[in-house]
Amino acid sequence: MLDSGHTDRAGRRVTLRPVDDDNWRAVADLAPRDDQRDWVPAMAARYLVLTMRSDVWTSLAVYADGSVVGHVMWGVDDDGSRWIGGMVVDAAEQGRGVGRAAVRTLADWLGGPDAVHPVRLSYHPDNTAAARLYTSLGFAPTGVVEDDELVAELRR
């Protein structure tokens, strides 16, 4: 379990845990708001399949206290950079600071105090909510575009 002590706006402790036999169904059923489907899949199940079929990505369940409220995945690129990807916060849980706490927790772990490699993520240029969130957390655009998404790197 990854726990950096971050909470959402309601004071619930946000932790990241491996997807396992006990929580995979709850993770698979997560769905974003309809207006976000241009940027994320309709169900988090797509990300679970991707991580099962890929050697690059690892899925994590996002918990607020004892409930599964989201999904995020991480990976290591060929150059050693650490990546955050595939984040979905269930529509009913959005606007509560869950995504912020999840990204902070994962970035803390991937880019710990002795980290040598950068922490990166990407987002679609039209996804202004993601851009605001990531910028507020210290991610800055690198000028690189991959698969029609802007790449941003955590500035330390």
Side-chain angles (χ1 to χ4, degrees), residues 1-10 12-33 35-77 80-112 115 117-124 127-141 146-147 149-154:
M1 175 171 62
L2 301 179
D3 183 351
S4 293
H6 300 297
T7 59
D8 67 5
R9 288 191 198 105
R12 298 179 301 173
R13 191 172 202 110
V14 175
T15 58
L16 308 178
R17 303 177 195 179
V19 175
D20 59 23
D21 290 344
D22 295 327
N23 64 16
W24 75 267
R25 283 182 176 87
V27 173
D29 288 342
L30 295 166
R33 291 188 328 249
D35 65 326
Q36 297 172 319
R37 294 199 177 156
D38 287 341
W39 307 299
V40 295
M43 303 291 286
R46 182 174 185 271
Y47 289 134
L48 291 178
V49 172
L50 175 65
T51 58
M52 290 172 49
R53 307 292 297 170
S54 166
D55 293 333
V56 174
W57 294 104
T58 300
S59 280
L60 296 169
V62 178
Y63 279 77
D65 284 343
S67 300
V68 173
V69 295
H71 169 274
V72 67
M73 58 190 189
W74 67 275
V76 178
D77 207 346
S81 59
R82 278 45 177 164
W83 282 78
I84 298 172
M87 186 165 76
V88 174
V89 174
D90 196 63
E93 295 290 338
Q94 291 191 19
R96 298 178 180 180
V98 171
R100 172 179 296 283
V103 172
R104 287 179 67 198
T105 299
L106 190 50
D108 288 350
W109 181 68
L110 292 172
H117 300 287
V119 177
R120 296 183 179 133
L121 49 74
S122 65
Y123 56 91
H124 193 278
N127 190 346
T128 57
R132 279 192 310 273
L133 170 65
Y134 300 142
T135 300
S136 74
L137 291 172
F139 286 88
E146 285 189 17
D147 298 325
E149 292 194 340
L150 303 172
V151 175
E153 185 172 298
L154 183 60

Separation between NE2 (H124) and CG (D147), nearest 0.5 Å, reads 11.0 Å
The reported gap from OH in Y63 to CG in N23 (rounded to nearest 0.5 angstrom) is 3.5 Å
Heavy atoms of V27 and A61 approach each other most closely as CG2-CB, 3.6 Å
Taken to the nearest 0.5 Å, the spacing of M1 CE from L16 CG works out to 10.0 Å
Report task. Ignoring hydrogens and angles, tell me if any N or O in the side chain of H71 forms a donor-acceptor pair with the backbone of A28 under 3.5 Å. Result -> no
Less than 4.5 Å apart, side chain to side chain, heavy atoms only: is that true for V19 and L60?
no
Just wondering, do L30 and V68 contact through their side chains at under 4.5 Å, heavy atoms? yes
Heavy atoms of E153 and P118 approach each other most closely as CD-CB, 3.5 Å
Check whether any side-chain N or O of D90 sits under 3.5 Å from a backbone N or O of G70 as a donor-acceptor pair, and report yes or no.
no
*asked:* With a 3.5 Å distance limit and no angle check, can you tell me whether R9 reaches the backbone of G95 through a side-chain donor-acceptor pair?
replied: yes
Q: Determine, step by step, whether V119 and W74 satisfy the side-chain contact (heavy atoms from CB on, under 4.5 Å) criterion, reporting the C-alpha distance in whole Å, the side-chain angles of both residues, the deciding distance to 0.1 Å, and the verdict.
A: CA-CA 10 Å; V119 177; W74 67 275; over 6 Å; no
CH2 of W24 to CE of M52, rounded to nearest 0.5 Å, is 8.5 Å
One should read off an interatomic distance between S122 OG and E146 CD, to the nearest 0.5 angstrom, of 7.0 Å
Residues passing the side chain to side chain contact (heavy atoms under 4.5 Å, CB included) test with R13, sequence neighbours excluded, are D3, T15, D65
With sequence neighbours left out, the residues meeting side chain to side chain donor-acceptor pair (under 3.5 Å) with D22 are none
Review point. Is the backbone of P32 close enough, under 3.5 Å, to the side chain of Q94 for a donor and an acceptor to pair up by distance?
Key: no
Residue pairs meeting side-chain hydrogen bond (donor to acceptor under 3.5 Å, both in side chains), one or both in residues 40-56, sequence neighbours left out, come to T51-S59
Side chain to side chain donor-acceptor pair (under 3.5 Å) filter on Y123, not counting sequence neighbours, yields none
Quick note, salt bridge (Lys or Arg N to Asp or Glu O under 4.0 Å) partners involving residues 91-104, not counting sequence neighbours, are R12-E93, E93-R96
Of all heavy-atom pairs linking A102 and V14, the shortest is N-CG1, 4.0 Å
Value for CG (L106) from NE2 (H6), rounded to nearest 0.5 Å, stands at 10.5 Å
Nearest heavy-atom contact between A64 and D8 is CB-OD2, 4.3 Å
Nearest heavy-atom contact between L121 and I84 is CB-O, 3.4 Å
Donor-acceptor pair, R82 side chain versus G80 backbone, under 3.5 Å?
yes
For S4, the side chain to side chain donor-acceptor pair (under 3.5 Å) test, sequence neighbours excluded, returns D108
Using side-chain heavy atoms (C-beta onward) and a distance below 4.5 Å, is V72 in contact with V103?
no
